[in-house]
Amino acid sequence: MRTAARELLGGLLDPGSFVSWDRPPLQIPRSAEYRAELRAAATASGLDEAVLTGEGRLRGRRVAVIACEFGFLAGSIGVAAAERIVSAVERATALGLPLVASPTSGGTRMQEGTVAFVQMVKIAGAVAAHKSAGFPYLVYLRNPTMGGVFASWGSLGHMTFAEPDALIGFLGPRVYRALYGRDFPEGVQTAENLYRNGVIDGVVPVRVFRRIAHRALNVFSGIAVGHAEYSRDPATLDCSPAEYASLEAVPAWQSVLNSRRADRPGIRELLRQVTDRVPLSGTGQGESDRTVVLALARFRGHPCVVFGHDRSGQTTETTMGPAALREARRSMQLALQLRVPLVLVIDTAGASLSREAEERGLAPEIARCLADLVTLDTPTISILLGQGTGGGALALLPADRVLAASHGWLAPLPPEGASAIVFRDTEHAAELAASQRIRSVDLLADGIVDRIVPERPDAAAEPVEFARRMVAVIAQELAELTARPVAELRAARHLRYRRLGNPPAVD
């Protein structure tokens, strides 16, 4: 089953809103045989080329659109089709419009040879320029999307979804069979398999993609709208003096135990309290780690990219690996490209200790996350929501503002691991937790944390109330950070970590 270009536009855009940008196709030298093929394709498809471009309204929002038509020579892209696509991308950029592209194609138009093949370069360049200008690029892959189309503008979306059961891949099954004399492995080049393996963000019918695109564009707009009022009363969002004094009396080991409770709310509970939530998935490069969550969201109307550890996806056998950190770096690039803040949630028992993690570059990925975050040109917030163990936690820490739940903590190793190093046993874990100053109150005193969000008395005892409180605090911080110039934020972030741990100068 294949969805025609006009059918796609009818399902994606508001009724009657589409306005074509297409001009007659560019005329290039063609053989008589090729001209006959083009006439037959036009008659069969009702179109003059393999792509439609224009603009329309998506739930009232003005968007530019590009839609391939497989019925026109298998949606193949030659010089004329490429010129139409590039002109549409450039026009969308000039108008400052979000761009939604929906490829379906067998790839390069073989009748035009190498000159058609290299058209993918200029299409990719136009898309890159559109994204560099800060404008959203959303992709909806249809059945089938193959070859150079998938390997260029079909794979450059800020987010990428596909229709169910779509055939998607690089080398077409017919070509593979001709070259290698056997069928391509079954079930590999499917939308569902690519989603499972972190290549695309999801598989949905077009009516659902329309809703997802609407929510995503609300976030990508970068504009805070319609947010509820939230209180600045310290009694509701911050620790009262009595709560702070009580928290200082809580042993570090007790906070560790509280943070490990199975019923403690995590990142998913926070996201249930936000609006315009759009879950994304994977690195986009063939990796996915189910111990983390990536999403677009609004916190009380403030748009951001959210990334963090998912306590519900972690077990003693399953901890974050290099793919999780590469997904974290995807979140950083999304926030940077779309010029929206980044919210990072730390809640991990530690990074994976395995041969695979070492061989796939766990340590270098931690280093790259740190380097990216300390230099990122967009506002950042990091939240110590629960456990903060080792390099997996440190990789998400550098930010303009660092928040901590009352029982959130940060340590170079789990206390048991630190005890094993210092005492060669695990029986001194509580002692090490205290001496290493891992508690939220200690982190606040040492300048690592900026603000403690109270648990009353434990987040597990009030999961919804705590999640709402944390979301309200994040919204406050987002409002304040986005009001400051990015250059000022970056300079302050550098100074913050440059001074960290240095004793104050003595006159």
Side-chain angles (χ1 to χ4, degrees), residues 1-13 18-56 64-89 91-92 99-124 126-127 139-155 162-163 165-175 191 206:
M1 180 178 176
R2 297 192 178 104
T3 305
R6 294 193 186 280
E7 183 183 357
L8 177 280
L9 295 176
L12 178 68
L13 301 175
F18 177 69
V19 177
S20 175
W21 287 351
D22 294 338
R23 296 179 179 178
L26 184 69
Q27 296 301 307
I28 62 171
R30 301 180 175 111
S31 66
E33 182 181 1
Y34 183 27
R35 287 196 298 270
E37 287 186 74
L38 291 171
R39 287 193 297 271
T43 300
S45 66
L47 304 181
D48 61 359
E49 247 303 341
V51 63
L52 292 176
T53 72
E55 66 172 273
V65 290
I66 297 171
C68 282
E69 173 54 66
F70 195 82
F72 192 105
L73 293 182
S76 58
I77 302 300
V79 173
E83 186 62 29
R84 180 171 286 184
I85 292 168
V86 170
S87 296
V89 176
R91 184 167 177 177
L99 176 59
V100 182
S102 183
T104 174
S105 173
T108 299
R109 190 165 298 173
M110 293 297 110
Q111 295 90 332
E112 296 180 23
T114 300
V115 71
F117 177 51
V118 298
Q119 297 301 304
M120 304 307 166
V121 177
K122 75 179 185 184
I123 299 175
V127 170
V139 174
Y140 184 66
L141 305 171
R142 291 168 22 242
N143 180 46
T145 303
M146 305 298 295
V149 171
F150 183 46
S152 58
W153 55 288
S155 294
E163 67 178 355
D165 301 318
L167 176 68
I168 301 170
F170 180 58
L171 187 63
R174 186 189 308 171
V175 176
V206 67

Distance col, row Q111:CD vs S31:OG, nearest 0.5 angstrom, shows 8.5 Å
Donor-acceptor pair, S105 side chain versus G75 backbone, under 3.5 Å?
yes
Do the side chains of T108 and T114 get nearer than 4.5 Å, heavy atoms only?
no
Exam field: side chain E69 to backbone L47, donor-acceptor pair closer than 3.5 Å
no
Testing the basics here: between E49 and A81, what is the closest heavy-atom pair and its distance to 0.1 Å?
OE1-CB, 3.6 Å
Heavy-atom pair of closest approach, residues L52 and A5
CD1-CB, 3.8 Å
Heavy-atom side-chain contact between L8 and V206 under 4.5 Å:
yes
Minimum-distance pair of heavy atoms, taken over all atoms of S45 and F72
OG-CD1, 3.4 Å
Value rounded to 0.5 Å, distance of CZ in R84 from CD1 in I123:
12.5 Å
Starting at CH2 of W153, measure out to NZ of K122 and round the result to the nearest 0.5 Å.
13.5 Å
Looking at Y34, I'd like to know if its OH atom is crowded, meaning that more than 12 non-hydrogen atoms belonging to other residues, nucleotides or ligands lie closer than 6.0 Å.
yes
Side chain to side chain contact (heavy atoms under 4.5 Å, CB included) assessment of L12 paired with Y140:
CA-CA 10 Å; L12 178 68; Y140 184 66; over 6 Å; no
Do any N or O atoms from the side chain of E163 and from the backbone of N143 form a donor-acceptor pair under 3.5 angstrom?
yes
Report yes if the side chains of E83 and Q119 come closer than 4.5 Å at any heavy-atom pair, otherwise no.
no
Considering only heavy atoms from C-beta outward, does the side chain of T104 approach that of T3 to under 4.5 Å?
no
Hey, can you pull the donor-acceptor pairs under 3.5 Å for the side chains in residues 19-28, sequence neighbours left out?
residue : atom : partner : partner atom : Å
S20     : OG   : D22     : N            : 3.0
W21     : NE1  : E55     : OE2          : 3.3
D22     : OD1  : T53     : N            : 3.2
D22     : OD1  : T53     : OG1          : 2.5
D22     : OD2  : T53     : N            : 3.2
Q27     : OE1  : R30     : NH1          : 3.1
Q27     : NE2  : P25     : O            : 3.1

Quick one: closest heavy-atom pair of A50 and R109, and the distance?
CB-NH2, 3.5 Å
Do any N or O atoms from the side chain of R2 and from the backbone of F70 form a donor-acceptor pair under 3.5 angstrom?
no
Minimal non-hydrogen separation, V118 against V115, with atom names
CG2-O, 3.4 Å
Which atom names give the shortest non-hydrogen contact between A126 and V86, and what distance separates them?
CB-CG1, 4.1 Å
Quick check for you: to the nearest 0.5 Å, what is the distance between F117 atom CZ and I77 atom CD1?
14.0 Å
Check residues 145-152 and write down every donor-acceptor pair under 3.5 Å in which the side-chain atom is one partner and the other belongs to a residue at least two apart or another chain.
residue : atom : partner : partner atom : Å
T145    : OG1  : P103    : O            : 3.1
T145    : OG1  : R142    : O            : 2.7
S152    : OG   : G148    : O            : 2.6

